[in-house]
Amino acid sequence: MKKGEVLKYDVLVVGAGPAGSTAARFASKNGARTLVIEKRQEIGSPVRCGEATTLSWLEEVEIEDHDRWCVTTVKGARIFFPGAKMLELVGKFDTTGVGIVIERDILDKDLAKLAIGEGAEYMLKTSAVSLIKEDGKVCGVMARSMGKEIEIRADIVIGADGFESQVGRWGGIYKSLPPEDIISCFQYRMAGLDIDLDFTYLYLGEFAPGGFVWVFPKKDNQANVGLGIKLSLIEENKTPKDYLDEFIASKEEFKKGMAIDMVAGGVEVGPPPSNVTADGLMLVGDASRVVNPITGGGVANGVRQGKIAGEVAAQCVREGRFDHDYLKEHYEARWRDLLENEIWRNYMIKEKLNSISGKAFAKLMETLSKVDLKESNLAVLLEAIQKENPEIMEELQSMF
Amino acid sequence: MNKPRINEDVCMRCGACVGTCPANAMFLKEFTLEVNDDCTTCGLCFRACPVGAIKLEGGP
Ligand SMILES: Cc1cc2nc3c(=O)[nH]c(=O)nc-3n(C[C@H](O)[C@H](O)[C@H](O)COP(=O)(O)OP(=O)(O)OC[C@H]3O[C@@H](n4cnc5c(N)ncnc54)[C@H](O)[C@@H]3O)c2cc1C
Ligand code: SF4
Ligand code: SF4
């Protein structure tokens, strides 16, 4: 690559995370000449993820082989409420399917391999530093690649640059995120843990204000132990890492473990965005804010949306249409059909739970403490709440 | 408050501050984090950092 050289593609994807590689895969598969640029020197590493997801979305995005990156299938979840009351949910504990824990660095590389198999090209250590716009249309990016400034032109650019996304802001799609929708996260991958690795563990309340502590098990006595805290609720002079260290110090079963990796990052948990496209530009994955607002999980939604983005990008190239109206009609309409209702619903539930008054929450906990949770399932639990605190049940029901 | 100062020994280059910055004044390079002159010294990046790698000179 000589200085001053201009590259030209049909589709340019910025960011080789799960959403970007999936978009590239389906753009290539549908005939578009596609390039992916990735800032880092290794796809998928360092990991910025708790690595919990489900198996339910793989078929939709045509992924057959998950043996290499699916390391644990859990039996259920143990949820701890303030005051150490525990709720054990076994089996299909959520509506999205069976929970699995994955190796993100392997998944991300596998998704890149699938894209390369369809003909996509990749350039590593290559950062987009600005957008090229002509008559208001995005026509490519200026990039720094292995220390050189290069120009990459494309009919359509897909911004898949994650939470830190700048492509969307450079493109004028949005300005900034409301701080109340941002969760700051810190996690250790720990080894030498002595816990039942068939379960995921969630601790609500005191340890992680406005968020939760998660424990996602991996093979050989390992687990990802992390937490997320709402920006506005972080105490002065304390960091999310401090909160996690306090949590670990307070629990005998975690004190024994040793960290073998540290992960930090931000997650956005707001309502679905009103627009993720502009002339010649589409956003996908975390860059387009499609994380599940309750769990903070974004891999599944990013990949599902990525497939649509790739297919539509190829369609744009075939039809020679890159304008905002066309993207709204084809990309926005399709991904919203698939994901928007669910994101809205989860956002509303999260807001509702946050708004239940302290007093009502304390009463709810008191009720829960009377139920033999080890023996119970969600139905028994809801029945108990209905009996003792009908007003809370009413609040909970109004969320659906 | 002044522009944020990044302690490179602590920074994990996670991008939490970059995504949070309302002025889009931060840029993550592979081994460093840059803050440009668009910074309005609002202090949000300091709040967002999971590990306390950001100091606001003259501020907290
Ligand atoms: C601590 C933590 C725990 C999480 N836990 C879970 C979990 O358990 N389950 C789950 O489903 N989700 C989880 N998430 C969310 C999940 O990690 C994201 O939703 C997911 O990574 C989004 O994928 P993506 O492809 O959109 O972006 P990313 O995976 O963030 O990929 C973006 C890529 O773009 C690159 N990039 C950025 N800027 C540029 C540029 N200018 N030029 C070139 N390349 C660029 C980056 O280097 C990166 O590789 C967690 C997030 C965090 C921070
Ligand atoms: S102080 Fe505010 S404007 Fe300046 S870099 Fe931090 S978040 Fe951005
Ligand atoms: S949030 Fe903190 S650790 Fe993450 S990139 Fe910014 S300064 Fe570094």
Side-chain angles (χ1 to χ4, degrees), chain A residues 38-42 46-48 124-130 144 146 161-170 174-179 181-187 226-244 261-268 286-287 289, chain B:
Chain A
E38 167 55 52
K39 185 183 271 194
R40 302 193 255 175
Q41 70 187 30
E42 181 181 345
V47 168
R48 279 182 207 155
L124 304 183
K125 248 171 144 40
T126 303
S127 286
V129 293
S130 63
R144 253 196 313 253
M146 293 293 289
D161 47 344
F163 175 79
E164 71 186 83
S165 180
Q166 293 180 304
V167 170
R169 290 184 279 179
W170 292 332
Y174 56 88
K175 281 204 171 103
S176 60
L177 295 173
D181 291 337
I182 299 175
I183 303 280
S184 178
C185 305
F186 189 76
Q187 168 184 285
L227 51 64
I229 305 183
K230 205 169 161 167
L231 279 203
S232 53
L233 298 177
I234 300 174
E235 289 164 79
E236 277 306 318
N237 300 320
K238 242 173 119 174
T239 64
K241 178 177 180 296
D242 297 332
Y243 283 87
L244 185 62
D261 192 10
M262 296 202 281
V263 175
V267 175
E268 191 265 358
D286 275 19
R289 318 301 175 197
Chain B
M1 276 201 276
N2 290 316
K3 248 171 78 165
R5 192 163 38 91
I6 316 299
N7 184 344
E8 299 287 354
D9 293 337
V10 178
C11 175
M12 297 179 55
R13 283 161 284 280
C14 72
C17 55
V18 180
T20 302
C21 173
N24 203 9
M26 307 181 101
F27 191 84
L28 203 56
K29 296 172 90 174
E30 198 166 359
F31 299 107
T32 51
L33 175 62
E34 291 172 347
V35 183
N36 70 30
D37 290 340
D38 292 339
C39 170
T40 62
T41 70
C42 73
L44 262 184
C45 54
F46 162 78
R47 291 222 125 224
C49 179
V51 293
I54 298 182
K55 290 281 169 285
L56 302 165
E57 277 167 301

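Because the structure is a prediction, the values reported are computed rather than measured. Chain letters run A, B, ... following the sequence lines, proteins first and then strands; every chain starts at 1. In what follows, every heavy atom counts, from backbone to side chain, and hydrogens, waters and symmetry copies are set aside.
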| task | Against chain B, label A:Glu268 side chain, backbone, both or neither, depending on which of its atoms sit under 4.5 Å from a heavy atom there. | result |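 For A:Glu268, no heavy atom lies under 4.5 Å from chain B.
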
| task | Name the region of A:Val267, side chain, backbone, both or neither, that has any atom closer than 4.5 Å to a heavy atom of chain B. | result |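 For A:Val267, there is no contact with chain B at all, as no heavy atom is under 4.5 Å.
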
| task | Kindly compute the distance separating CG (B:Leu28) from CG (A:Asp161), expressed to the nearest 0.5 Å. | result |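 Rounded to the nearest 0.5 Å, the CG-CG separation comes out at 11.5 Å.
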
| request: Measure the CZ-CZ distance between B:Arg13 and A:Arg48 for me, rounded to the nearest 0.5 Å. | output: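 Between atom CZ of B:Arg13 and atom CZ of A:Arg48 there are 10.5 Å.
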
Identify the heavy atoms of [X] and [Y] that sit nearest to each other, and give their distance.
{"X": "B:Ala16", "Y": "A:Gly266", "result": "CB-N, 3.6 Å"}
{"X": "A:Met262", "Y": "B:Met12", "result": "O-CE, 3.4 Å"}
{"X": "A:Ser184", "Y": "B:Ala48", "result": "OG-O, 2.7 Å"}

| said: Only pairs of heavy atoms separated by less than 4.5 Å count here; which of A:Ala264, A:Ala287, A:Gly228 has the most with chain B? | reply: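 The option with the most such pairs is A:Ala264.
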
| task | Please determine, among A:Lys238, A:Lys125, A:Lys175, the option with the most heavy-atom pairs under 4.5 Å with chain B. | result |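 Most heavy-atom pairs within the cutoff with chain B belong to A:Lys125.
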
| task | Using modelled atom types only, decide if a donor and an acceptor are shared between the side chain of A:Thr239 and the backbone of B:Gly52 within a distance under 3.5 Å. | result |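 The answer is no, because no donor-acceptor pair under 3.5 Å joins these two groups.
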
| message | Between B:Gly19, B:Cys21, B:Pro50, who has the most heavy-atom pairs with chain A when the cutoff is under 4.5 Å? | response |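 Heavy-atom pairs under 4.5 Å are most numerous for B:Pro50.
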
| task | Tell me, please, whether B:Phe27 has A:Lys39 positioned over its six-membered ring: NZ or CZ under 6.0 Å from the ring centre and within 45 degrees of its axis? | result |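 The answer is yes, since A:Lys39 meets both limits relative to B:Phe27.
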
| task | Report the residues that fulfil ring-ring contact (aromatic ring centres under 6.0 Å, His included) with A:Phe186, sequence neighbours left out, ordered by chain and then residue number. | result |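 So A:Phe186 forms a ring-ring contact (aromatic ring centres under 6.0 Å, His included) with A:Tyr188.
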
| Side chains of B:Thr20 and A:Leu231 in contact at under 4.5 Å (non-hydrogen atoms) |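 A side-chain contact under 4.5 Å exists here.
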
| message | Between B:Arg47 and A:Glu236, is the salt bridge (charged side-chain N to carboxylate O under 4.0 Å, His left out) condition met? List the steps. | response | CA-CA 9 Å; B:Arg47 291 222 125 224; A:Glu236 277 306 318; 3.5 Å; yes

| request: Select one option (side chain, backbone, both, neither) describing which atoms of B:Cys49 are under 4.5 Å from chain A's heavy atoms. | output: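 The answer is the backbone of B:Cys49.
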
| message | Just to verify, what does A:Arg169 make a side-chain contact (heavy atoms from CB on, under 4.5 Å) with, not counting sequence neighbours? | response |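 Partners of A:Arg169 by the side-chain contact (heavy atoms from CB on, under 4.5 Å) criterion, ordered by chain and then number, come out as A:Gln166, A:Tyr174, B:Val18, B:Asn24.
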
